[in-house]
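The structure under discussion appears below in the form of structure tokens.
Position 1 is the first residue of the sequence; numbering continues from there.
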Amino acid sequence: MPVATLLPFTATPNRKSVSPTSFRLTEKFILLLVFSAFITLCFGAIFFLPDSSKLLSGVFFRSAPAESDPRPGTDGDFAGATGRDEKILAKIRKDHEKALLEAKDTLQKRAEEIKQDIKSEKEKVARDGQGRGGGGKDDTLPEIEYVRPPGATGHDPSDPDAKEKRAKIKEMMQFAWDNYKHYAWGSNELRPVSKQGHSSNLFGSLKGATIVDALDTLYIMEMYDEFEAATEWVEKNLDFNMNAEISVFEVNIRFVGGLLSAYYLSGKEVCKYVICKLNRSWHNGSGSIVCVCSLYSGIGRNWPWASGGSSILAEYGTLHLEFMHLSRLSGKPVFAEKVMNIRKVLNRLDKPQGLYPNYLNPNSGQWGQHHVSVGGLGDSFYEYLLKAWLMSDKRDEEGKKLYYDALKAIETNLIRKSSGGLTYIAEWKGGLLEHKMGHLTCFAGGMIALGADGAPDDKTGHQMELAAEIARTCHESYARTNLKLGPEAFRFDGGVEAIATRQNEKYFILRPEVIETYMYMWRFTHDPKYRQWGWEAVQALEQHCRVEGGYSGVRDVYASSPNHDDVQQSFYLAETLKYLYLLFSDDDHLSFEHWVFNTEAHPLPVIKRESADRSNQL
Ligand code: DMJ
């Protein structure tokens, strides 16, 4: 190319002498040439690029093996690959059209028909899921003759005052139940102010927590029509065949405990059957002690907030009672073995000052943070040691020893008396005491009273006194509020005693623990103050928690009037109302000789020595 031709593109002094018109024409022509050459190059390059549809098909469309060409030697063959891609695209198009048609069909269906379709689909999944925790043939249970343990049904109290009060408590149960049924039937819980269903993530996608939790209370209170309706719902709707994550602890204490109780009280086989279906997935699982479990695969994990993903003492330590009964009913020792293994792990560990920290790392097998509590995160572990011994008709000597040793360590390290003379159970954080007691911790009065009779070293009297002092402290925590209901936690520091000082500890969510302790104390002492204190609680519940659509918790027990939290917890029906009812019943109704209450107040029968020897079980 002559140099002159390039001149316009080089900044030379000569440039000014070139005519502007001829310059623009040449420039345009050359630009056009370069541009078209570039386009041709790009277009050609497309043919050298890898086949993008082949790359993406692995990411977005996982083609099923059936879709790939099985013939040898066709890989990399352009025509073959194109054909395969076309096939995939055709299938996607077909699936799309099918989905659109189905959606159109569904839209034209009535709600009832859609429900029926979902039901059939679930049944199909259940059939296909045989042996995977899904139910089916595998779930057949051994024939066990049902014998109703004594005291399942009560009678009118001989004392007319108790009779009248008990009738009032039954009316409260009727009101709570009717409202749940009316506004939230099938949901986990009721929102009594907004009058609708409510669910917390504790239950995963399981449904009907209130129904299952309330079954035995309905039976105990002789509300048989309601009990029938509830068991019918269980039979038709309670569904464990789902790929859902659940809290092992909550499902065990509420669903398994509730169904076991309903079975032992009524003899209804359906209750027994669904329990074993649920527990198949736990049985199939990894067996490590974790808090959250997938119902379908049995695969577990821990709560991410728990000291680096630790397992929680009260969660893995609150399976014993239910799992012993599961082994008994299913004829499979695996459930009992699992809970005994948990004991073995704990036995091997050193306990700081004889105490059990709330967190245990399941990978290292070592304690997590050294935080000890007889309230939240620790409570029912201690309760189940004692009750394991009692439920075994006092054969589980290991459970007994572990309980009394733990109680001794708790007394030495956590139990203190305030300057005003109130005995309380503090929390322990890395060796330092936090002078705070939770509402949950108030259950300990009842537990200590229940264990006092078997206390070693002549400690029975001492333990009964301790239980009575804790009951008094917990009563004070109610008495020192405006609404006469107890705060979630109360403190003994900064110049206060048995009073909540932090705003986030002032709520009351219909919890049972204080009333539970009154019930145990009444049974062991017949001191009328326990019935009186229970009746005070009834009046406060009626005045401040009863709303048009059921019973609600309150946000601040020190406020002059209640601000409702709009939740009727399932444990209100399972525990609070049941313990109140039993507080005003005669002692032979679910007597402690024949029954042990799980931590959700579901009564389980003591496995009597003779029956255990006869059936050679447990
Ligand atoms: C219940 O679910 C059980 O009592 C559990 O052990 C702890 N707390 C709630 C009620 O407060």
How about S591 and E593: does a side-chain donor come under 3.5 Å of a side-chain acceptor?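 S591 vs E593: no donor-acceptor pair found between side chains.
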Sorted by chain and residue number, the salt bridge (Lys or Arg N to Asp or Glu O under 4.0 Å) partners of K484 (sequence neighbours excluded) come out as none
Contacts of E397 meeting salt bridge (Lys or Arg N to Asp or Glu O under 4.0 Å) (sequence neighbours excluded), chain-then-number -> none
Closest heavy-atom contact between [X] and [Y]?
X: N188; Y: A209; value: OD1-N, 3.0 Å
X: L577; Y: M173; value: CD1-CA, 3.7 Å
X: H320; Y: A388; value: CD2-CB, 3.6 Å
X: L360; Y: Q366; value: CD1-O, 3.4 Å
X: I425; Y: I410; value: CG2-CG2, 4.3 Å
X: A559; Y: N482; value: O-CB, 3.2 Å

Is there a donor-acceptor pair under 3.5 Å between the side chain of [X] and the backbone N or O of [Y]?
X: T517; Y: A471; answer: no
X: D379; Y: A314; answer: no
X: K578; Y: A601; answer: yes
X: Q568; Y: A176; answer: yes
X: D213; Y: A574; answer: no
X: W185; Y: I211; answer: no
X: Y219; Y: L265; answer: yes
X: Y530; Y: L583; answer: no
X: D216; Y: A262; answer: no

D350, CG: over 12 other non-hydrogen atoms inside 6.0 angstrom:
no
For Y183, the side-chain contact (heavy atoms from CB on, under 4.5 Å) test, sequence neighbours excluded, returns N179, L190, K195
- Task: Report the residues that fulfil side-chain contact (heavy atoms from CB on, under 4.5 Å) with D587, sequence neighbours left out, ordered by chain and then residue number.
- Result: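 Scan of D587 (side-chain contact (heavy atoms from CB on, under 4.5 Å), adjacent residues dropped) gives W522, R523, H526.
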Do [X] and [Y] have ring centres separated by under 6.0 Å?
X: Y551; Y: F175; answer: yes
X: Y424; Y: F490; answer: no
X: H602; Y: F255; answer: no

- Task: Side-chain contact test, heavy atoms from C-beta onward, threshold under 4.5 Å: evaluate it for K408 versus D405 and give yes or no.
- Result: no
| message | Using salt bridge (charged side-chain N to carboxylate O under 4.0 Å, His left out), reason through E171 and R546 one step at a time and then give a plain yes or no. | response | CA-CA 12 Å; E171 184 278 328; R546 188 167 176 146; 2.8 Å; yes
Indicate every side-chain donor-acceptor pair of residues 454-468 with a distance under 3.5 Å to a residue at least two apart or in another chain.
{"residue": "T460", "atom": "OG1", "partner": "A452", "partner atom": "O", "Å": "2.9"}
{"residue": "H462", "atom": "NE2", "partner": "E411", "partner atom": "OE1", "Å": "3.2"}
{"residue": "H462", "atom": "NE2", "partner": "E411", "partner atom": "OE2", "Å": "2.9"}

The single option from R511, R555, K506 that satisfies salt bridge (charged side-chain N to carboxylate O under 4.0 Å, His left out) with E488 is R511
Checking E398 against K401 for the salt bridge (charged side-chain N to carboxylate O under 4.0 Å, His left out) test, could you report, in this order, the C-alpha distance in whole Å, the side-chain angles of both residues, the deciding distance, and whether it holds? CA-CA 5 Å; E398 185 181 48; K401 180 170 174 2; over 6 Å; no
Hits for ring-ring contact (aromatic ring centres under 6.0 Å, His included) against F443, two or more places apart or cross-chain, chain-then-number order -> none
*asked:* With rounding to the nearest 0.5 angstrom, report the CG to CE distance, D527 to M521.
replied: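 Between atom CG of D527 and atom CE of M521 there are 8.0 Å.
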query = Is D161 salt-bridged to K165, cutoff N-O under 4.0 Å?
reply = yes
Could you tell me whether E226 and K181 make a salt bridge, using a distance below 4.0 angstrom between a side-chain N and a carboxylate O?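 So E226 does not pair with K181 through a salt bridge.
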